[in-house]
Amino acid sequence: MEGYSRKDEGCPQLLDLIPKEKEWLTKSAEEKQTRNGSSEEKQLELRLGPPNGDWTIKNKNISREKDHESLLPFGYFSPWSSSSGYQVKSQKQTTPFLQAHGQLKESSQPNPAKTAVPNSSSSSSAQKRTAPTPVVGWPPIRSFRKNLANGSSSKPVSESQNAVGSKISSEKPIENSPKNLLVKINMDGVPIGRKVDLKEHDSYEKLSFAVDELFRGLLAAQSNFSAGGIKNDEDGGKAITGLLDGSGEYTLVYEDNEGDRLLIGDVPWHMFVSSVKRLRVLKSSELPTLCRGRKHGKRSLDTSPK
Amino acid sequence: MINYFPEEVLWHVFSFLTSHPDRNAASLVCKSWYNVERFSRGKVFIGNCYAISPERMISRFPRVRSLTLKGKPHFADFNLIPQDWGGNVYPWIVAMAKGSTNLEELRLKRMVVSDESLELLAKSFPNFKSLVLVSCEGFTTDGLAAIASNCRFLRELDLQENEVEDRRGQWLSCFPDSCTSLSSLNFACLKGEVNVAALERLVARCRNLRSLRLNHAVPPDALQKILAQAPQLVDLGADSFVHDPESETYNKLKNVMQKCSSIRSLSGFLDVNARCLPSIYPICINLTSLNLSYAPGIYSKELVKLIHKCKKLQRLWILDTIGDKGLGVVASTCKELQELRVFPSDLHVVGNVAVTEEGLVAISAGCPNLNSLLYFCQQMTNAALITVAKNCPNFIRFRLCTLNPTIPDAVTMQPLDEGFGAIVQSCKGLKRLSVSGLLTDQVFLYIGMYAEQLEMLSIAFAGDSDKGMLYVLNGCKKLKKLEIRDSPFGNMALLADTGKYETMRSLWMSSCGVTFGGCKTLAEKMPRLNVEIINEGDEMEGRPDDRQKVEKMYLYRTLVGPRKDAPDFVWTL
């Protein structure tokens, strides 16, 4: 790599062109010649560490291995080798680096990084590969992406390889799991809708109960209004039951993200939660005859417009 | 000697000058050229909205048709800058409205945009055609409704990653029936519902629609109908994709996709069942740009199958769930790849090695045209970086981010100085660089020595002493933006060459070693710089001690002095 060495010879001159640099340039050359651990310690006073603070000092005291012998085969970067006497105070073996060199041109390389690092025992915290304590603004990604990352953390990659026969539910991402999942719910005969937080429930039964609680009073008020106040006001009206099995006066249905209307209860709860967009409480009498058989795994009500 | 050169001729010649640097250079030749140039400049680019005032911009460029403005510093993206810092576009719109500017295009990045601004914009410029907002905030769907209602010739409404409050209005319905000119509509970042029927009608009547990016609220069956109306689309973004591969919707989508032979760019897939991906296989062969970085639901296996079909890909944005092996597939398939961005998918799982240096090396070996990289990785090695440097000398943008900000070379435990040194030495056209990992002053020496074209440099948790920063300031002659956090650079580095900052757009330093005293000295010496200190918290009791370190400093050159809209917590020294 001729280009590199030409540049190297020109280095001192190049840097001389930069004004005011001569002073510290010579200093730095000297420093390089006598470089050892102590100069590093001097530099530490300006160092600001992150909250966990375990990477600064220890890493600096581990010597910087300017092993130019190993770099030279690359023809890369031997600017200081002639002038400075680098003290290669190395605890590290150079061999892994050289081995890695020879095979780097190909896409696959041996995994010295993945297998146990030879010196892991001697360097105390130098190779912290665990996730560090969170630093503000690190890694530098925008909040749009952060929410995404948090939401999808539940699916390890390996599982997906065997996903062939599995249901949709195991592959489906939980798109940004917010703290609540509010969906609209309207009831036949009640002009005002409600919203229900699906995150607060973990089963259809609980949902049914919640629906009952939400609408019981409203329904009673409606009936009062229309029927001239016959219903008992004390207990807030008649309970709304049989929502799930078609046995009651009302039946609970939902609309999914494809716009189809479906009966509640066919799919596992978590799958329902991830596809539901809104809920409706319809009068059972107005539903078409419910076919209990399965057609592609869901019963679809195609009567009402979306 | 051609002293007499008719202005008409100059005018005609200048009409061929499109880049800002070229026009800026031409305007410096002589007074005559300056005048011809300023009257003929239609596109104005202002990289820092506080560097100049709206009035002065208008008086210099009275014929401005297109304005690009950038507001907050880059680190605002990562929550390092408090709310209400500034960057409001309103004064600009007011000034242009008053000045009867014939504004046709407005492109904003990291600015605060109020509904009021949008309304004024919509009503003041009858020929307004194009609004592009990137990483902005402060507006709601009401503002969008104003744009839709009033901009009769609107061609482009492009909202990228903005924080928009959903007002449950029907902004999409506000496009009048007479609006048929839309060529680009991107509202993927909106969180709320949209009127799907209105959207379908809009798409149907805009025959020139080339780019359409929908948000999550547009359900798959609507997507399928829309695509049926717009087979001429070139760029599609769909967040809500089909779930059931056996559904009617899926079939329809598959059929309609086959007719969309013009699609070159695809994005979205926030909510998708990977088993439905085969519906897009027919268009993969034509894709030049694919953004799956918001698609956590697509796992490595399906991702790889998909990418395997995208042989013409030039730009790929993905999550690190693709893994090193997946990157190997990219390397062997996407020979024309120019830009790669690999984002982290899961920030909290320990030991989950998503991508490492191996993937990057594979890419560099397989994709020689690679010139732009953003790579979030678990670990890196010098050897890998050196290989990448040799394989890909054409990098213009090289941004590496190790998830642990100070991790050393994974094999040798050394700092990553040599690796980055190789990058800057090999890539002579490098304009943008972000470094991370364990780094000493040495890397900055290399950067100063070799990165001659470098315009933007991002540094975090790096360096040992002031020398590091000095190497950069002295060496990188074309440096425009320097942003540093959590690094041990102090007053000595800051003050060594104060004139340098007038050649740059801006400098950001946070959690470094500079003190109030140092910043004050700099501010006194350089009146044409605004040296702003951001002080959150409780230091409001009088000015702090000169020796106290400054948490966040942002300085930039300006022709108009301290800004008048600085909030309480921003002090301009």
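We name chains A, B, ... by the order of the sequence lines, and we start the count at 1 in each one.
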Subject >> chain A contact via B:Asp239 - which portion, at a heavy-atom distance below 4.5 Å >> reply: neither
**OP:** Please tell me if the side chains of A:Lys277 and B:Glu193 come closer than 4.5 Å, counting only heavy atoms from C-beta onward.
**Re:** no
Original post:
Around atom NZ of A:Lys195, are there more than 12 heavy atoms of other residues, nucleotides or ligands at under 6.0 Å?
Top reply: yes
Subject >> Crowding at NZ, B:Lys500 (>12 non-hydrogen neighbours, <6.0 Å) >> reply: yes
**OP:** Against chain A, label B:Val196 side chain, backbone, both or neither, depending on which of its atoms sit under 4.5 Å from a heavy atom there.
**Re:** neither
**OP:** To the nearest 0.5 Å, tell me how far B:Leu319 CG sits from A:Arg145 CZ.
**Re:** 7.5 Å
**OP:** Flag the one option from B:Ala217, B:Ser364, B:Cys401 with the top tally of heavy-atom pairs under 4.5 Å to chain A.
**Re:** B:Cys401
**OP:** Would you please name every residue forming a salt bridge (Lys or Arg N to Asp or Glu O under 4.0 Å) with B:Arg399, sequence neighbours left out?
**Re:** none
Subject >> Non-neighbouring partners of B:Glu137 that pass salt bridge (Lys or Arg N to Asp or Glu O under 4.0 Å), sequence neighbours left out >> reply: B:Lys72
Subject >> Spacing of B:Phe343 atom CZ and A:Ile141 atom CD1 [to the nearest 0.5 Å] >> reply: 8.5 Å
**OP:** Without swapping roles, check the side chain of B:Arg485 against the backbone of A:Gly137 for a donor-acceptor pair under 3.5 Å.
**Re:** yes
Original post:
How long is the gap from CG on B:Asn79 to CH2 on A:Trp138, to the nearest 0.5 Å?
Top reply: 14.0 Å
